[in-house]
There are 2 protein chains.
Amino acid sequence: MARKHITPGKIRLTEVAKLAGVSPITASRFFRNPDALSAGKRARVESAAKELGYVPNLAARALASQRTEVIGVLIPSLTNNVFADVLRGIYDALDGSRYSIQLANTRYSILQEERLLRLFLAQKPAGLIVTGINQTADSRRIMETVDCPIVQIMEVGPSPIDMMIGFSHFDAAKAAIAHLLAQGNRRIGFLGARMDPRVQRRLDGYRAAMTEAALFDPQLIVTTAIPTSVTLGGTLFADLLAKTPDIDAVFCVNDDLALGALFECKRRHVAVPEQMAIVGFNDLEFMASSEPTLSSVRTNRYEMGRNAAMMVIETLEGRRPTDPVVDLGFSVMERQSSARRS
Amino acid sequence: MARKHITPGKIRLTEVAKLAGVSPITASRFFRNPDALSAGKRARVESAAKELGYVPNLAARALASQRTEVIGVLIPSLTNNVFADVLRGIYDALDGSRYSIQLANTRYSILQEERLLRLFLAQKPAGLIVTGINQTADSRRIMETVDCPIVQIMEVGPSPIDMMIGFSHFDAAKAAIAHLLAQGNRRIGFLGARMDPRVQRRLDGYRAAMTEAALFDPQLIVTTAIPTSVTLGGTLFADLLAKTPDIDAVFCVNDDLALGALFECKRRHVAVPEQMAIVGFNDLEFMASSEPTLSSVRTNRYEMGRNAAMMVIETLEGRRPTDPVVDLGFSVMERQSSARRS
DNA sequence: CAATCGCTTGGTAGCGCTGTCAATATCGGT
DNA sequence: ACCGATATTGACAGCGCTACCAAGCGATTG
């Protein structure tokens with residue numbers, strides 16, 4: 001005999017089955033596919049489970065069935081507000097479902113991402129949500145061969161691994177610049193921090209729009225690898241102004257930078273928008289209530305997370321979404337900070 | 001025979017043991033307590049595992065050992081920046097350790113918290129991190145009988161369930177008011193949103209400080225159950241000003257409200273700090289770089305998360321912290337928005 | 001030299017659940 | 001009344017790992 005024998009009070013599936021007067025297998029089916037039971041047994045098992053306060057042992061289930069009900073989520077940052085919204089969407093979508101989330105932070109490193117991916121896949125997740133479309137070649141190969149729904153979030157692009165939901169950062173940035181140009185601005189600066197792949201594509205969109213307008217000038221661009229912050233927005237804006245004092249507008253790759261730039265303008269008594277137009281990116285809540293209100297590009301982060309999780313669930317339940325690639329779009333929110341000068 | 005027989009390529013502990021020329025049990029010990037092996041076997045198992053790319057099956061481990069290496073984390077909100085910092089601390093502390101995190105969102109409901117708690121405990125977590133000291137009586141009873149390290153975070157108080165790390169919201173608010181009083185303010189308003197237990201205690205601290213100074217007036221208090229936002233800060237400030245136009249300062253229960261109040265002041269051409277002093281709470285990054293810079297009460301959120309996770313791990317490894325209750329304190333950051341009028 | 005001790009190693013028997021397949025019950029159609 | 005088809009149910013074995021106990025072994029001791 002190997003170990004201490006059965007703890008008396010413990011409630012296993014067997015106990016529920018016994019009380020309900022059915023076989024353990026039937027009780028098991030009740031929890032996984034109740035429709036397969038006759039109405040009578042279904043009711044008996046249900047009340048027995050409730051009476052005993054039965055909670056399934058997920059480890060045993062995972063071991064026996066060779067799969068889990070865990071959806072792995074790989075995001076590059078826990079601090080960034082953008083991902084907080086996405087996560088909230090994911091958690092909301094999974095709330096009340098049988099699935100749970102395993103979250104991991106790649107810290108903007110695709111090698112770290114690959115490591116975490118291997119770790120996740122070893123535990124046979126039910127599904128996977130990964131950020132962006134820039135994975136290592138190995139990561140991609142691994143994900144292509146694995147048999148579970150995978151959603152790439154935050155942006156759309158060609159050749160999804162499986163499914164994809166996001167928007168075009170290139171188009172979004174281009175639209176922001178188009179707006180600034182339409183308001184009569186000519187010397188439009190670019191402020192970028194962190195410079196992850198999605199921010200790079202916003203820079204590409206900026207470059208394309210400016211080149212089309214024959215207004216491109218590399219001197220207008222200030223970027224850094226440092227993580228973003230409001231303080232950094234002020235610093236970068238000061239740098240830009242030092243390099244190119246004749247700018248009439250600035251496009252910031254996110255709202256923190258935009259807010260920092262606004263504060264820096266106030267410190268320097270540069271009137272916004274009269275002397276300087278500002279546009280941010282993401283449209284965080286505060287943009288609409290600053291003074292002046294700040295223009296931004298609205299992105300649908302909560303919906304992105306929510307839909308991504310729903311796409312995974314639907315696939316798992318056999319109702320695979322008709323279109324594997326969803327473009328959630330964006331909208332340029334035109335506010336006081338980029339209003340046309342009178 | 002019950003099911004398809006052994007998948008050929010699958011690497012189990014048995015395979016590693018075979019290659020290393022030891023029994024499975026010895027291989028198993030290598031992963032859990034390498035020091036118990038002789039140096040020779042340890043090296044052999046290690047190289048065998050690496051050669052085969054072995055990854056332990058956590059479900060099997062959990063089932064056989066009757067425990068998991070998952071630390072449950074219950075927080076009230078995913079959106080709130082405050083918890084993002086705490087979470088980052090927790091994830092950082094657990095990074096590279098054997099433990100992983102299971103996160104759940106109570107949405108500021110202690111009933112929801114109790115439900116999630118039962119769910120977690122059914123899976124025998126290695127440890128638990130819960131927010132605050134206001135649990136339901138049932139939750140408390142359950143946690144007191146369960147045999148795993150538990151850390152209550154965000155605040156300190158009497159009678160911890162097990163361990164506790166945080167600071168006194170009462171004292172922190174009182175110190176903020178003391179600062180405002182020291183700067184010569186007399187009619188100090190209070191702006192509160194969400195009004196969760198910790199915010200309530202900040203209100204208590206405010207009331208105590210104002211009463212001590214014989215300046216308390218309920219008309220100075222504006223609160224709402226609505227979740228916080230910058231926009232709400234502006235709205236509440238407008239309400240306060242409508243009720244009590246003669247205020248000379250305002251204490252906001254968080255930085256979002258403070259920023260909203262600042263913007264509202266700008267819109268109304270109320271000079272900060274000349275006509276209106278503002279103090280926030282938490283000291284988020286942007287407070288130091290706004291124009292004017294905003295005073296706030298700095299709290300050590302990242303350290304709180306990090307230490308909480310470390311306290312759990314240390315207890316699990318038999319090195320229980322000497323003091324179960326850790327007060328991380330706070331500091332009043334005095335900036336331009338509450339500078340003494342010249 | 002037998003008795004004792006500490007360290008390392010292995011054998012056995014499950015942990016609680018579910019995949020597979022066979023057995024049985026039920027039903028409509030001829 | 002018989003047949004095959006469909007809906008329900010159950011028996012069995014085993015998922016991959018570890019708790020428990022016991023045994024092997026060299027060193028130490030009186």
Side-chain angles (χ1 to χ4, degrees), chain A residues 1-45 48-49 52-69 98 122-124 126, chain B residues 1-45 48-49 52-69 98 122-124 126:
Chain A
M1 158 204 54
R3 64 188 65 190
K4 274 186 209 117
H5 264 218
I6 299 117
T7 332
K10 201 184 289 173
I11 294 133
R12 305 196 303 293
L13 194 53
T14 324
E15 274 69 47
V16 177
K18 204 167 288 171
L19 181 61
V22 300
S23 73
I25 232 55
T26 303
S28 166
R29 268 192 279 263
F30 168 77
F31 293 101
R32 291 175 295 146
N33 182 17
D35 295 338
L37 300 203
S38 63
K41 305 235 169 188
R42 185 163 47 227
R44 299 237 301 284
V45 176
L52 296 173
Y54 171 73
V55 181
N57 180 322
L58 298 185
R61 179 178 285 178
L63 181 59
S65 68
Q66 300 283 56
R67 52 192 163 66
T68 62
E69 285 166 352
R98 65 203 301 176
Q123 308 310 326
K124 307 225 175 63
Chain B
M1 156 203 56
R3 65 188 66 189
K4 274 186 209 116
H5 265 216
I6 299 119
T7 330
K10 202 184 287 173
I11 294 134
R12 305 193 304 296
L13 195 52
T14 325
E15 275 68 49
V16 176
K18 203 167 290 171
L19 181 61
V22 299
S23 73
I25 228 55
T26 304
S28 166
R29 267 192 279 262
F30 168 76
F31 293 101
R32 291 175 295 144
N33 182 16
D35 295 337
L37 300 203
S38 62
K41 306 233 169 189
R42 183 161 49 230
R44 298 239 299 284
V45 176
L52 296 173
Y54 171 73
V55 182
N57 180 324
L58 299 184
R61 179 179 285 178
L63 181 59
S65 68
Q66 300 284 57
R67 53 193 160 67
T68 63
E69 284 165 353
R98 64 204 301 176
Q123 309 309 326
K124 309 227 176 63

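Chain naming here is simple, since letters A, B, ... match the order of the sequence lines and numbering starts at 1 in each. Bear in mind that the values here come from a model prediction, so they are computed numbers and not experimental data.
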For the pair A/E15 and A/R12, find out whether any cationic side-chain nitrogen is under 4.0 Å from an anionic carboxylate oxygen. yes
A/T14 side, atom OG1; A/L19 side, atom CG - distance, nearest 0.5 Å: 12.5 Å
Hey, can you pull the residues of residues 29-39 of chain B with a non-hydrogen atom under 4.0 angstrom from DNA chain C? B/R29, B/A36, B/L37, B/S38
Measure CG/B/L13 against C1'/C/dG10 and give the value in whole Å, please. 13 Å
It should be established whether A/S65 places a side-chain nitrogen or oxygen under 4.0 Å from OP1 or OP2 of nucleotide C/dC17. no
Taking only nitrogen or oxygen atoms into account, show me every contact under 3.5 Å that the protein makes with nucleotides 23-25 of chain D, one pair per line with its distance.
none

Starting at atom CG of A/N57, determine the distance to atom P of C/dG14, rounded to an integer number of angstrom. 18 Å
If you check every side-chain atom of A/A60, which of C/dG16, D/dC12, D/dC20 has the closest atom? C/dG16
Can you measure A/R98 atom CZ to C/dC17 atom C1' for me and round it to whole angstrom units? 14 Å
Please examine the side chains of A/R42 and A/F30, heavy atoms only from C-beta on, and report whether any two atoms are closer than 4.5 Å. yes
Touch check for A/R67, heavy atoms < 4.0 angstrom, all strands: base, sugar-phosphate only, or nothing? sugar-phosphate
Check every atom of D/dT18, C/dT18, C/dC17 against the side chain of B/S28 and return the nucleotide holding the closest atom. D/dT18
Would a distance-only check, ignoring hydrogens and angles, find a side-chain to backbone donor-acceptor pair under 3.5 Å from A/S65 to A/R61? yes
Nearest-Å distance for atom pair CD/P, residues A/E69 and C/dC17: 13 Å
Donor-acceptor under 3.5 Å (B/T68 side chain, B/K124 main chain): yes
Rounded distance (Å) that lies between atom P of C/dT20 and atom CD of A/Q66: 11 Å
Could you please name the option among D/dC15, C/dC17, C/dG11 that lies closest to any side-chain atom of B/S23? C/dG11
Any sub-3.5 Å donor-acceptor pair from B/Q123's side-chain atoms to A/L58's backbone N or O? yes
Minimum-distance nucleotide to B/L63 side chain [options: C/dG16, D/dG10, D/dT18]: C/dG16
Hey, are B/R32 and B/S28 close enough side-chain-wise for a donor-acceptor pair under 3.5 Å? yes
B/L63 versus A/A59, closest heavy-atom pair with distance: N-CB, 3.9 Å
Just to confirm, is there a sub-4.0 Å distance from OP1 or OP2 of D/dG16 to any side-chain nitrogen or oxygen of B/Y54? no
Atom CG of B/L58 to atom P of D/dG16: distance rounded to whole Å? 13 Å
5'-most contact on DNA chain C: A/R61 or B/G21, nearest heavy atom basis? B/G21
Quick one: A/K41 NZ to D/dT9 P, roughly how many Å, whole number? 5 Å
When every non-hydrogen atom of A/A27 is compared with those of A/V45, the smallest separation belongs to CA-CG1, 4.1 Å
Taking side chain to side chain contact (heavy atoms under 4.5 Å, CB included) as the definition, give me every residue that meets it alongside A/I25, ordered by chain and number, with sequence neighbours left out. A/S23, A/R29
Using whole Å, what does the distance between atom P of nucleotide D/dA19 and atom CD1 of B/I25 come to? 8 Å
